[in-house]
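In what follows, chains carry the letters A, B, and so on, assigned in the order in which the sequence lines appear, proteins first and then strands, with residues in each chain numbered from 1.
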Amino acid sequence: MYALIDCNSFYASCEKLFRPDLKHKPVVVLSNNDGCVVARSAEAKALGIRMGVPFFQVKDFCKQHNVEVFSSNYALYADMSHRVMSTLESLCPTVEVYSIDEAFLYLADYPVAMQNLEAYGKKVKQIVEMYTGIAVGVGIGKTKTLAKLANHAAKKYPGTRGVCVLENDRWIRRLMQITDVGEIWGVGRRYKKRLSDLGIDTVYQLAICEPGKIRQHFGVVLERTCLELNGQSCLGIEQVEPKQQIISSRSFSNRITCQQDLEQAICGHASKAASKLRVQQSVCSFMTVFAKNSPFSDTERYTPISGQYQFTTPTADTRVMVAAAREVLNHIYKQGIRYAKAGVMLSGICQHDEVQLDLFDVTGQDKDCHLEEKQTALMAVMDELNKKFKQDHYQQNALFIASEGIKKEQTWQMNRKLLSPCYTTRLKDLVVVK
DNA sequence: TCTGGGGTCCTAGGACCC
DNA sequence: TCTGGGGTCCTAGGACCC
């Protein structure tokens, strides 16, 4: 048995939490750069504002209907997420944090829950809401896919009061018959279309398919979904593993048209990626540098550029990685393009103590252990200081590589015109009750 | 004018091995 | 005339997730 706990309109709920005046008002939260709508309160959904719609298309509509609009405040959302997750950890011994606003609980070997699933589900919902102020939906089922389905029902049907337990077979069949196959975990837009071509439109029609047939047409992933719908568990609780791929990228608020600006942006991303790498105590062998203009333009041809660098010895040293990024950019840079987005991707990632040294490395790194130790120590000091003097995720670090440039002077830095205060992570933003 | 930023897994095909 | 059978590793691309 699995439970899926999912926060309702998470980002929008976080914004409402410290603004009681917004309690029954429509609220939307925008993506980075104030680009798209990525979260909507129930009231905003009711107004028909679509998920993922570019903000400029609904800006006037929002004004007309008094919709409260916010830029993404990740410092706030990350902290609230942490509170929700630690509350869940106090309610169940086995928790898998699946995303910023969702977690699976494994209930099968937890008698407290198994005795009465319905009561347990209600208790979880009530306690999370009481401790954090964030409303959640609870779905419980025999497999992860069924728990997801249950969660969907808990949100869609008011009769469930936010808690749905799938135990009764007749009930499960009925729910599957009235649920669109596209709602299922693992069925995206493409698969929905292809399933429809085969005459499969409801979850029930997929559930009664021969799993082997589904495998032939769609591969092993959807076959597992099919089995999971029938109560055969194929997906278990997963441990947190170090990332196998690390990306730092962002679009610019204004287009970039000169190499120097692009280089600063790329160096910033290389530096960010390097520090992410060190947080999980890894090193990487490959770095891909990429940049592109807008794919939405009618007048410009979409022109992505990219190039890769292989490190002779896997590294997590900011200085080495920034130098590599500059070199790659020099090779791939094309003039006359209005760059809209750029970034760096790291791969070939392994733990720092599992590094295979290069026999032909001439830098002397591997011959002189002291040098390598010094490099690691330098990075550790840098991380320590940046952590200590950290202000905001998006502000400049206390220590940084000069080729990243000065953030305050960069006109292409992210737009966040509608940012709310960091109520829970910055002392001066603390709410004052008078 | 203006369109996010991360990730995962699987498959097919080519190069190469014995 | 006739040219095996069984593997691994890597990469690119396609699907999905939030």
Over how many whole Å does the gap from [X] atom [atom1] to [N] atom [atom2] extend?
| X | N | atom1 | atom2 | value |
| --- | --- | --- | --- | --- |
| Gln245(A) | dC10(B) | CD | P | 15 Å |
| Tyr339(A) | dT3(B) | OH | C1' | 20 Å |
| Glu241(A) | dT8(B) | CD | P | 10 Å |
| Lys192(A) | dG14(C) | NZ | P | 23 Å |
| Met345(A) | dG4(B) | CE | C1' | 18 Å |
| Glu183(A) | dC17(C) | CD | P | 11 Å |
| Leu222(A) | dC9(B) | CG | P | 17 Å |
| Arg416(A) | dG5(B) | CZ | P | 12 Å |

Which one, [options], comes nearest to the side chain of [X]?
| X | options | answer |
| --- | --- | --- |
| Lys148(A) | dG4(B), dA15(C), dC17(C) | dC17(C) |
| Ile247(A) | dT3(B), dG4(B), dG7(B) | dG7(B) |
| Glu102(A) | dT11(C), dA15(C), dC18(C) | dC18(C) |
| Ser99(A) | dG7(B), dT3(B), dC18(C) | dC18(C) |
| Arg338(A) | dT3(B), dG5(B), dC2(B) | dC2(B) |
| Asn32(A) | dC18(C), dT3(B), dG5(B) | dG5(B) |
| Arg250(A) | dG5(B), dC18(C), dG4(B) | dG5(B) |
| Arg190(A) | dG4(B), dC16(C), dG7(B) | dC16(C) |
| Lys243(A) | dG6(B), dG7(B), dC17(C) | dG7(B) |

Whether [Y] and [X] form a salt bridge (side-chain N of Lys/Arg under 4.0 Å from carboxylate O of Asp/Glu) is what I want to check.
| X | Y | value |
| --- | --- | --- |
| Glu43(A) | Lys25(A) | no |
| Asp383(A) | Lys387(A) | no |
| Glu102(A) | Lys148(A) | yes |
| Asp180(A) | Lys192(A) | yes |
| Arg224(A) | Glu228(A) | no |

Using a heavy-atom cut-off of under 4.0 Å over every strand shown, decide if [X] touches base, sugar-phosphate, or nothing.
| X | result |
| --- | --- |
| Ile184(A) | sugar-phosphate |
| Ile246(A) | sugar-phosphate |
| Val187(A) | sugar-phosphate |
| Lys193(A) | nothing |
| Lys341(A) | sugar-phosphate |
| Asp101(A) | sugar-phosphate |
| Asn33(A) | nothing |
| Tyr98(A) | sugar-phosphate |
| Phe218(A) | nothing |
| Ser72(A) | nothing |

Worksheet entry | Among Gln351(A), Gln244(A), Lys243(A), Lys276(A), the one residue meeting side chain to side chain donor-acceptor pair (under 3.5 Å) with Ser282(A) | Gln351(A)

So, OP1 or OP2 of [N]: does either fall under 4.0 Å of a side-chain N or O from [X]?
| X | N | value |
| --- | --- | --- |
| Ser248(A) | dG5(B) | no |
| Lys276(A) | dG6(B) | yes |
| Lys144(A) | dC17(C) | no |
| Arg255(A) | dC2(B) | yes |
| Ser251(A) | dG5(B) | yes |
| Gln308(A) | dT11(C) | no |
| Arg224(A) | dC10(B) | yes |

Worksheet item: For dT8(B), which nucleotide is its Watson-Crick or G-U wobble mate, given both distances must be under 3.5 Å?
Response: dA15(C)

Worksheet, complete the sentence: Whichever of Ser294(A) and Glu238(A) has the more 5' nearest nucleotide on DNA chain B, that residue is Ser294(A)

Discussion item. Here's a test of your reading of the structure: between Met51(A) and Val221(A), which maps to the more 5' nucleotide of DNA chain B?
Written reply: Met51(A)

Worksheet item: Can Asp34(A) and Ser71(A) be counted as having a side-chain donor-acceptor contact under 3.5 angstrom?
Response: yes

Practice prompt. Work out which heavy atom in Leu91(A) is nearest to a heavy atom in Tyr120(A); give both atom names and the distance.
Written response: O-OH, 2.8 Å

